[in-house]
Amino acid sequence: MPRQPIQEYLKVNPRKVLVLDGGQGTELENRGINVANPVWSTVPFIDSSFWSNKSSKDRVIVKGMFDAFLDAGAEILMTTTYQTSFKSVSENTPIQNLEEYSSLLDRIVQFSRDCIGPDKYLIGCIGPWGAHVCAEFNGDYGPNPAEIDYLSYFKPQLDNFFHNDNLDLIGFETIPNIHELRAILSWDETILSKPFYIGLSVHNNGLLRDGSTMKDVADLIKSFGGKLNKNLTLLGINCVSFSDSPDILESIHKELPDMPLIAYPNSGEVYDTVKKIWLPNRDMVMTWEEVVDRYIKAGARIVGGCCRTSPKDIRAVAAAVKKRADDTVWQD
Ligand code: MET
Ligand SMILES: [Zn+2]
């Protein structure tokens, strides 16, 4: 395998910050794929013509998205599998059994790997339990969030991803609820058997969407002590407000100073769920350069963008990372 294992890479290159890609689901939408579907950005892969017709329109669009993020400077990219849990897929597509499901994931991962080539890192992206009930931005997991069987929900996707050598890192994205976080952290190396990270879904006010503080999150992580899964590689935030994201990341760094962090905010635009349009970000007073600089000072090792961030944003992220690396060389 040409790639150095990601934990080792981050360890032996302590100053390296990897540039992640941007908002894939929204970028596919910008490029003409209708993702208004319960399986969202997985939708192009469901139609058999994607696999049988090498020049299918959707295939060209997905490849074009990867090319654009690579050209912008992304060094670590994701599979578009946020809404690809077995539950979402089996309830909303003709794919009904675990064998077909696993073969779908194998094909998506292989296609993504072929798009980005052998040298770049590839993340197997997994949306939260709340994604299948649209709760990732309010953290409302019903009256008994501690009773939800999170493992059964994630297991088919985890089992596939953890056995796929094309994936370097597993990303649990947009986790809004502390009970779900506790469940994920409680799974040991036999269940989460390769490097993974957790991206938290945090409100503009700095609280996890369910109201937990970042201190609650840190205390939970610390409570595992030496039993914490060694594959937990980074903690961080994704799809949080662009403008508030540096403050949020700094608050996590304050609580967990030794934890490598990951940060990829959304563009700051707000989705109007009634009109089904994106409303402009009214408070985008910072630049990517300022935001990325604060992320890196707060311990970020992977930075990029989430929903509505485009290859243009990733180009700005890559430039900011490079500038900071060049400045650091001068300071040494
Ligand atoms: C709702 S956050 C979605 C993140 C996902 N990785 C995507 O951009 O496609
Ligand atoms: Zn997002």
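Along the sequence shown, residues are numbered consecutively beginning with 1. In listed order, ligands and their atoms are each counted from 1.
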Asks: Determine whether the side chains of Glu250 and Tyr295 contain a donor N or O and an acceptor N or O closer than 3.5 Å.
Replies: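 The criterion, which ignores hydrogens and geometry beyond distance, is not satisfied for Tyr295 and Glu250.
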Asks: Pick out which of Lys323, Lys322, Arg324 makes a side-chain hydrogen bond (donor to acceptor under 3.5 Å, both in side chains) with Asp326.
Replies: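 In the set Lys323, Lys322, Arg324, the residue that makes a side-chain hydrogen bond (donor to acceptor under 3.5 Å, both in side chains) with Asp326 is Lys322.
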Asks: Using 2.8 Å as the cut-off, note every protein N, O or S atom close to the Zn ion (ligand 2).
Replies: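 Listed by chain and number, the nearby protein N, O or S atoms are Cys239 SG, Cys306 SG, Cys307 SG.
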Asks: Closer than 3.5 angstrom, by distance alone: can the side chain of Gln96 be matched with the main-chain N or O of Thr93 as a donor-acceptor pair?
Replies: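 Confirmed, Gln96 side chain pairs with Thr93 backbone.
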Asks: Okay, side chain of Thr26, backbone of Gly23: is any donor-acceptor separation there less than 3.5 Å?
Replies: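 At least one qualifying donor-acceptor pair exists.
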Asks: Quick check on ring-ring contact (aromatic ring centres under 6.0 Å, His included): which of Phe172, Phe161, Trp129 does Phe154 satisfy it with?
Replies: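 With Phe154 as partner, Phe172, Phe161, Trp129 yield a single ring-ring contact (aromatic ring centres under 6.0 Å, His included), made by Phe172.
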Asks: Any salt bridge between Arg3 and Asp168, counting N to O under 4.0 Å?
Replies: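 Answer for the salt bridge query: yes.
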Asks: How about Glu99: does its CD atom have over 12 heavy atoms from other parts shown lying under 6.0 Å from it?
Replies: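 For Glu99, atom CD is not crowded (no more than 12 foreign heavy atoms under 6.0 Å).
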Asks: Going by distance alone, is a donor N or O of one side chain under 3.5 Å from an acceptor N or O of the other, for Asp313 and Trp288?
Replies: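 Yes, because at least one side-chain N or O of Asp313 sits under 3.5 Å from a partner of the opposite role on Trp288.
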Asks: Can you list every pair where an N/O of ligand 1 is under 3.5 Å from an N/O on the protein?
Replies:
from, atom 1, to, atom 2, distance (Å)
ligand 1, 6 (N), Glu173, OE1, 2.9
ligand 1, 6 (N), Glu173, OE2, 3.1
ligand 1, 8 (O), Gln24, N, 3.0
ligand 1, 9 (O), Gly25, N, 3.0

Asks: Please determine if Arg209 and Glu136 form a salt bridge, counting it only when a charged side-chain N lies under 4.0 Å from a carboxylate O.
Replies: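 No, no charged N to carboxylate O under 4.0 Å.
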